[in-house]
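Dumping the structure here so I can ask a few things about it.
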Amino acid sequence: MNVFKPEKLFGIIGYPLGHSMSPLLHNWGFAQKDINAVYMAWPTAPEKIADFMNAFKTLPISGASVTIPHKISVMDYIDELTIRAKGVGAVNTLYWEQDKLIGDNTDTAGCSEPLRPHCDHVKNALLLGAGGASRAAIVGLKSLQIKEISITNRTKSKADDLAEEFGISSLDWKKRGDEHYDLIINSTSLGMSGDKQELNPMIMDNVDKKTIAYDLIYNPLETIFLKEAKAKGCKTLSGIEMFLHQGLAQFKIWTGLDLDELRARELLLEHL
Ligand code: ATR
């Protein structure tokens with residue numbers, strides 16, 4: 001009998017983790033690259049994060065993904081933050097450099113990489129929402145050298161705070177449909193499956209075929225925002241792109257290797 005003895009252990013820390021596709025992506029990646037490693041799901045309730053992280057540091061774990069609700073609290077337990085993680089103020093990737101536990105952030109690349117091939121004509125962008133995903137989106141947009149970035153949020157004070165911190169403009173939530181934007185990113189929870197599924201976060205008055213509509217939600221794959229944007233001729237990008245690219249960037253950090261993007265996307269779409 002062949003007994004599988006993984007040499008390296010990785011996993012995801014979050015709560016709850018029922019629907020996470022990270023184990024699927026990374027275990028597939030290890031198999032693709034003949035790496036003797038396994039990636040597990042470690043659901044960790046908020047009150048258990050201190051115990052978990054203290055144990056993590058003593059166990060032979062090579063790295064981890066970090067997701068909601070631990071992206072900020074995990075920073076208390078790591079030795080060093082990368083510039084990217086400092087810039088965003090949140091961590092989604094852990095790895096070791098000798099005996100130092102490093103906290104990095106690949107959500108920024110996750111947000112910006114899908115836009116890179118389309119962003120030559122993008123002069124102005126509007127970010128809807130000022131919650132957990134918005135900080136990474138702002139840093140991602142800035143990395144694409146987009147000149148005018150505006151943020152709007154139902155609770156204006158949160159948009160104002162981020163606008164001040166990152167040097168972008170804040171817009172009244174009611175005015176979000178008043179002007180044309182080359183790029184609109186949804187980082188609110190409006191459109192997510194459940195009781196918000198039928199809610200479009202954008203007022204679609206000035207949306208046209210020159211607009212790129214990017215929803216960070218991937219469940220459902222085509223939100224009402226993307227559906228209506230498509231009907232107006234927009235280029236659309238779904239949240240699966242952000243998920244895919246943040247995962248590919250994590251895999252590269254841990255292994256130094258690039259996975260096949262097309263095949264990885266197919267894998268995720270098959271399992272959604
Ligand atoms: P997170 O943990 O990422 O902050 P969240 O609290 O569900 O997640 O909120 C995500 C974003 O969706 C926030 O920008 C939130 O706006 P508020 O800051 O005003 O709460 C936005 N959001 C959630 N429900 C909304 C609704 N019904 N209308 C408009 N925005 C909404």
Side-chain angles (χ1 to χ4, degrees), residues 12-22 43-47 49 65-76 85 87-93 105-112 125-141 149-166 168-178 181 183-205 207 213-220 223-229 237-243 245-246:
I12 180 163
I13 311 163
Y15 197 79
L17 283 179
H19 300 292
S20 173
M21 286 191 295
S22 294
T44 308
E47 64 277 15
I49 191 68
S65 313
V66 182
T67 189
I68 293 164
H70 301 312
K71 287 186 183 188
I72 293 173
S73 58
V74 80
M75 293 197 286
D76 290 343
V88 181
V91 160
N92 82 327
T93 309
N105 193 305
T106 67
D107 286 332
T108 52
C111 182
S112 60
L126 177 65
L127 178 63
L128 305 164
S134 313
R135 302 177 69 87
I138 297 170
V139 176
L141 286 177
I149 305 172
S150 302
I151 182 168
T152 185
N153 191 52
R154 177 181 60 178
T155 309
K156 186 159 191 301
S157 58
K158 287 207 238 165
D160 290 347
D161 289 349
L162 287 181
E164 196 181 323
E165 182 177 343
F166 290 100
I168 60 175
S169 312
S170 176
L171 183 83
D172 198 288
W173 179 245
K174 288 196 203 83
K175 297 192 174 157
R176 65 200 185 283
D178 287 5
Y181 295 92
L183 169 64
I184 303 165
I185 302 189
N186 176 37
S187 74
T188 75
S189 49
L190 297 182
M192 212 173 260
S193 75
D195 57 356
K196 293 179 182 165
Q197 186 155 344
E198 294 311 314
L199 302 176
N200 186 338
M202 188 59 188
I203 299 167
M204 305 296 281
D205 291 349
V207 172
Y214 184 9
D215 206 323
L216 302 189
I217 293 171
Y218 63 77
N219 186 11
T223 58
I224 189 157
F225 168 49
L226 295 186
K227 238 179 241 165
E228 292 186 10
L237 291 166
S238 87
I240 202 71
E241 296 302 321
M242 169 142 180
F243 177 80
H245 283 88
Q246 64 77 34

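Both ligands and their constituent atoms are indexed starting at 1 by order of listing.
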(message) List ligand 1 atoms under 4.0 Å from Trp173, heavy atoms only on the residue side.
(response) 29 (C)

(message) With a heavy-atom distance limit of 4.0 Å, tell me whether Ala130 approaches ligand 1 through its side chain, its backbone, both, or neither.
(response)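 The part of Ala130 near ligand 1 is the backbone, not the side chain.
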
(request) Taking Thr93 for its side chain and Ser65 for its backbone only, find out whether a donor-acceptor pair lies under 3.5 Å. (result)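 Judged by distance alone, no pair lies under 3.5 Å.
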
(request) Classify the contact between Leu190 and ligand 1 as side chain, backbone, both or neither, using a heavy-atom distance cut-off of under 4.0 Å. (result) side chain

(request) Indicate yes or no: does an N/O atom of Thr155 lie under 3.5 Å from an N/O atom of ligand 1? (result)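 Yes, at least one N or O pair falls under 3.5 Å.
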
(message) Looking only at distances, can you tell me whether any N or O atom of Leu199, backbone or side chain, sits closer than 3.5 Å to an N or O atom of ligand 1?
(response) no

(message) Any nitrogen or oxygen of Asn153 lying under 3.5 Å from a nitrogen or oxygen in ligand 1? Just yes or no.
(response)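 So ligand 1 has an N or O lying under 3.5 Å from an N or O of Asn153.
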
(message) Using a 4.0 Å cut-off to any heavy atom of Lys158, which atoms of ligand 1 qualify?
(response) 17 (P), 18 (O), 20 (O)

(request) May I ask whether atom 7 (O) of ligand 1 is less than 4.0 Å from at least one protein heavy atom? (result)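 At least one protein heavy atom is under 4.0 Å away.
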
(message) For atom 31 (C) of ligand 1, what is the closest protein heavy atom, and at what distance to 0.1 Å?
(response) Arg154 CZ, 3.8 Å

(request) Look at the side chain of Ser193 and the backbone N and O of Pro220, then say whether any donor-acceptor pair between them is shorter than 3.5 Å. (result) no

(message) Tell me whether the count of non-hydrogen atoms from other residues, nucleotides or ligands lying under 6.0 Å of CD1 in Ile68 goes above 12.
(response)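 Not buried by this count: 12 neighbours or fewer within 6.0 Å.
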
(request) Determine if the distance from atom 4 (O) of ligand 1 to the closest protein heavy atom is below 4.0 Å. (result) yes

